[in-house]
Amino acid sequence: MSEMGSGSVVNDARHLRLDTFVRLRWLALTGQSAAVLGAQFGLGLRLPFGWCFLVIAISSWLNLALRIRFPASYRLSDDSAALLLAFDIVQLAALLFLTGGLQNPFSLLFLAPVLISATALPPERTLALGMLAIGLATLLALVHQPLPWFADGRIELPFLYVSGVWTAILLGTAFTGVYAWRVAEEARQLAQALAATELVLAREQHLSQLDGLAAAAAHELGTPLGTIMVVAKELDRQLGPSATLAIADDLKLLRDQVDRCRGILSKLTSLDEDEGFLQTLTFGHLIEELVAPQRALGIVVEVVKGGEGPEPSCRRNPGVMFGLANILDNAVDFAESRVVIQARWTLDRVSLEVRDDGPGFPSEVLLRAGEPYVTTRSPAPSTAPDSVGSGLGLGLFIAKTLIERSGAQLALSNDTGPDMRGAVARISWARHIFERGSVAGEFIAHNSVRPLPERVAAPI
């Protein structure tokens, strides 16, 4: 994913539809209208009824104008959304000014626009809206109309109580704003990381799809090549001795090339027929495919394998191959001189351990290892087509996601022995899950003296 494409995804993730704001404002206006009507006619409180409904009507007119001017699918920019939320704060402050200021229990609704901003807008705009809400709350604590009360009395709450309400609004705005922003930001990061994972998996599966296209082409091209061969033989028979040397050579070349094409298509067809066997590889071959590209990088990669019973086999999975290769790449990048890969299997489990002699995971990274955007590397923008999430801390997250989708469990740690150091990645499968779909695995499962037990796949 290019830097431009990544930035576009981030911006689009923040922009909300205008329809969302309009619907939320209609809900707020309905509540405000019900509160004013209930206080005036239900409880008999003396309200500046006309002024209150004028403030509510202004917000309703704005809603109608936005609905007429823009389509429902229109997405607001950050500045436009901030201005609409600022209007909502000012409109609420006007209503509170007419109905008792901070003595009105509905003054806590100052938190609502700030909360919406924290989930959808950048932090600086949320901070500005929070400052606006606190500023207006401070003004209302000092200047406001009397709190509406029954006709036979008047209530005036102590300033200490009003100060407590102001403090509650201040702390509530700060806490809910930070909390909502953090939760929403983690959700956005997770969504973007999962999108990058899907992109990587699609690229890894592209080669496998080409195999199917080649087999289909082999079947489709067989008929026209046969027709060409028949026509070439018919021309050779009709011309016979009367054909010039050049024409005879051309006809012979045409037949030879048709035979060559038939041979190539025959190989492609046989590949399609043997697809099940070609897509199955043993545990040792899988490890060798991972290790082979690392042999010339100057780091010693040692492979130790062994176990109980026959060596397990699996069906080739592009996602798992990419995830394991990413973990091995990280080990080679951080190793000082040596990486050890230990492959073990029993009749029940298949496990793989990748260990390097590098500095290991920093404690702050190890606590969140496998989460998106956790990295010790500086983010370096790259325009390479295969640099999805490069330097952003997405590599380990993508690898963990793809590996665990196969039913494996991945654990990351540091060596704790007295003479040992470095990072350790342990991957473990239930054997029947590891061999699921493989030709060799199915043969072993049906012919083994001790059948493999049925187990539930490891949780993702």
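Between L109 and L96 there is no side-chain heavy-atom pair separated by less than 4.5 Å. Considering only heavy atoms from C-beta on, S107 comes within 4.5 Å of V165 through its side chain. Taking 4.5 Å as the limit, every side-chain heavy atom of Q294 sits out of range of all side-chain heavy atoms of V339. L102 has its side chain out of reach of F159: every pair of non-hydrogen atoms, C-beta onward, lies at least 4.5 Å apart. Residues R125 and D79 are in side-chain contact: their nearest non-hydrogen atoms beyond the backbone lie under 4.5 Å apart. Taking the side chain as every heavy atom from C-beta outward, E353 and V424 approach each other to under 4.5 Å.
A donor-acceptor pair shorter than 3.5 Å can be found between the side chains of R426 and S413.
Considering CG of L324 and CD1 of I341, their distance stands at 9.5 Å, rounded to 0.5 Å. Once rounded to the nearest 0.5 Å, the distance linking CZ of F53 with CG of L95 reads 10.0 Å. Going from atom CG of L111 over to atom CG of L170 covers 10.5 Å, rounded to the nearest 0.5 Å.
Applying the ring-ring contact (aromatic ring centres under 6.0 Å, His included) test to F70 and every residue at least two apart in sequence or in another chain returns Y74. When the ring-ring contact (aromatic ring centres under 6.0 Å, His included) test is applied to F283, the partners found at least two apart in sequence or on another chain are F434.
Between the side chain of T138 and the backbone N or O of I134, at least one donor-acceptor pair lies under 3.5 Å. With S117 contributing its side chain and P113 its backbone, the two residues share no donor-acceptor pair below 3.5 Å. No donor-acceptor pair under 3.5 Å is formed between the side chain of Q145 and the backbone N or O of F97. At least one donor-acceptor pair under 3.5 Å links the side chain of D357 to the backbone N or O of E336. At distances below 3.5 Å, at least one donor-acceptor pair connects side-chain atoms of R431 with backbone N or O atoms of T346. In this structure, S60 contributes its side chain and I56 its backbone to a donor-acceptor pair below 3.5 Å.
By the neighbour-count criterion of 12 heavy atoms within 6.0 Å, atom CZ of R23 is sparsely surrounded, having that number or fewer from other residues, nucleotides or ligands. Summarising the local packing, CG of L171 is surrounded by more than 12 heavy atoms from other residues, nucleotides or ligands at distances under 6.0 Å.
Annotation: F49 is in aromatic contact with F41 [ring centroid separation under 6.0 Å].
When every heavy atom of I89 is checked against every heavy atom of L136, the shortest pair comes out as CG2-CD1, 3.7 Å.
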